[in-house]
Amino acid sequence: MKKAEDQILIIFGASGDLTKRKLIPALFELYLQNLLPKKFAVIGASRSALSDDDFRKRADEFLPDDEKAAEFKKMLFYQAVQNDSADDLIPLKERLETISNSLEIEKNYIFYLSTPPSLYPVIPKHLCENGLSKSDKYFRRLIVEKPFGTDLTSAKELNKQLLNYFEEEQIYRIDHYLGKETVQNMLVTRFANGIFEPLWNRRYIERVEITSAESLGVEGRGGYYENSGAMRDMLQNHLLQVAGFVAMEPPVVVEADAIRNETLKVFQSLRPIKENEVSRFVIRGQYTSSTIAGKKVAGYREEPGVAKLSRTETFVALKFFIDNWRWAGVPFYIRTGKKLPTRVTEIVIHFRKVPHHLFGQEGSQGNNQLIIRIQPDEGILLKFGMKTPGTGFKVQTVNMDFHYSDLADKKVPAAYERLLLDCMQGDATLYARGDAVEAAWKFVQPIINAWDTNPEIPIYGYPAGSWGPEDSDKLIGNGKWRYPCKNLSNDGLYCEL
Ligand code: BG6
């Protein structure tokens, strides 16, 4: 693998949780694997007055107490910055000069925005005004954390503002689901195997189901979540991106624009859900208090920062169609929620039944399913019918499975490792492009509008620890959602309570 050029990573919002929990551990992992550039430094920047040492100490919580970590921490620096005017960035600019000169690091910079979203347009403007956003000799890149806008208008506006200061090729919009190994493996499963792709279309696939369940609730993020909800927090970004990988046409090459063009085409083919159709296609829910394994669990409205009569959805199930040649008439279903029985993200491809039931009803155990498990117990499971030993032709469903953990010498890398490394190498394949983000917002916007303006659209309560509102099952018509367990090969309604 080619090494990334020497560079400095500047993290705005460095005193926040993401930096210590995800970014620093991911960088350390890259360091351990010798994947960081030869000459490299990280400058944490935020309003807090911290010293380099304070910043390094904060990192300790998520790093081992060993020699390697001590060496790694020498690359970490900190600079307090305000963001009120362009001049506020002068101390950072000077610090960049000093560090790059003293450590002889080329002036290639990545600016990572991990701040409150209100600063997403502000910092790039100040960077530009200080001459830091462009250079003839060095690269300048900008990583923008989620949320990318809170609706279609704000996402468009943010794109417009960023493009005033940076070129699209310099902008890396994070969607950490694209950094997940198993999401990327979807491309390999589909396009490196002769057996799947010929079946991957309306002729052989009856429906596609994507579930992303979380057993945790909002975990102290009530204030943020109140203005977000499952639709904005998970579906508009992570799960539509996953759907994009499931549904895309084969890209011509594995390169950023080739792949992102195909995802965009999927989003552009999403059949719009009109505001008056929302109740037929979307079910929303909110968890209520319940008792799980003998312990009382608070409902969403009892969480700190949540309004007593909140109508924010903590669960959403959606049915939609992709109106193109490959997928005409095939329903796609996405379901996500907090406080569900287990943490699992998976894609289920339901193949059509055989045209004639040769072995009678007894023989037809249902459709073949291909289950692609994104987390946990990452892997792939194929369900198909086999003859039960004995007299007659009784067919039973059996599993053929592959677990990533069987590749024992390989640890599945964390999403941020892959994404940070890609940006350091200038590869935006696994980052969302501006036009695709807008297309995804365009699709979900009428749903959000309908919820905001029609109080009669129900928000169903579901007991914490259940699989969400019962009405979400009705979306599927004759079928049922798969109720997955932690272990890929098992399923069952309440297996992990
Ligand atoms: C984040 C959401 O983007 O993704 C969280 O804001 C959610 O609410 C998280 O819990 C899920 O990510 P993962 O990687 O744990 O599936």
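Just follow the structure's listing: the first ligand is 1, and inside any ligand the first atom is 1.
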Present, as a list of atom pairs with distances to 0.1 Å, all nitrogen or oxygen contacts under 3.5 Å between ligand 1 and the protein.
| from | atom 1 | to | atom 2 | distance (Å) |
| --- | --- | --- | --- | --- |
| ligand 1 | 3 (O) | Lys146 | NZ | 2.9 |
| ligand 1 | 3 (O) | His238 | NE2 | 2.7 |
| ligand 1 | 6 (O) | Lys146 | NZ | 3.0 |
| ligand 1 | 6 (O) | Arg221 | NH2 | 2.9 |
| ligand 1 | 6 (O) | Asp233 | OD1 | 2.6 |
| ligand 1 | 6 (O) | Asp233 | OD2 | 3.4 |
| ligand 1 | 8 (O) | Arg221 | NH1 | 3.0 |
| ligand 1 | 8 (O) | Asp233 | OD2 | 2.6 |
| ligand 1 | 8 (O) | Lys338 | NZ | 2.7 |
| ligand 1 | 10 (O) | Glu214 | OE1 | 2.5 |
| ligand 1 | 10 (O) | Glu214 | OE2 | 3.3 |
| ligand 1 | 10 (O) | Lys338 | NZ | 3.1 |
| ligand 1 | 12 (O) | His176 | NE2 | 3.1 |
| ligand 1 | 14 (O) | His176 | NE2 | 2.8 |
| ligand 1 | 14 (O) | Lys180 | NZ | 2.6 |
| ligand 1 | 15 (O) | Arg343 | NH2 | 3.2 |
| ligand 1 | 16 (O) | Tyr177 | OH | 2.5 |
| ligand 1 | 16 (O) | Gln375 | NE2 | 2.7 |

**Asked** Would Tyr462 and Thr314 count as a side-chain hydrogen bond (donor to acceptor under 3.5 Å, both in side chains) if you check the C-alpha gap in whole Å, the side-chain angles of each, and the deciding distance to 0.1 Å?
**Response** CA-CA 10 Å; Tyr462 64 95; Thr314 60; 2.9 Å; yes
Could you tabulate the donor-acceptor pairs under 3.5 Å formed by side-chain atoms of residues 116-126, not counting sequence neighbours?
| from | atom 1 | to | atom 2 | distance (Å) |
| --- | --- | --- | --- | --- |
| Tyr120 | OH | Glu145 | O | 3.3 |
| Tyr120 | OH | Lys146 | O | 3.2 |
| Lys125 | NZ | Glu129 | OE2 | 3.0 |

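- Below 30°, between 30° and 60°, or above 60°: for His238 and Tyr177 the angle between ring planes is below 30°, a parallel geometry.
- Screening Gln241, Met248, Glu438 against Phe267 for a side-chain contact (heavy atoms from CB on, under 4.5 Å) leaves a single residue, Gln241.
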**Message:** Quick one, Lys180 with Glu378, criterion salt bridge (Lys or Arg N to Asp or Glu O under 4.0 Å). Give me CA distance, side-chain angles, the key distance, then yes/no.
**Reply:** CA-CA 10 Å; Lys180 290 186 192 277; Glu378 293 86 352; over 6 Å; no
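- Within the 4.5 Å cutoff, the side chain of Ile273 has no heavy atoms near those of the Pro446 side chain.
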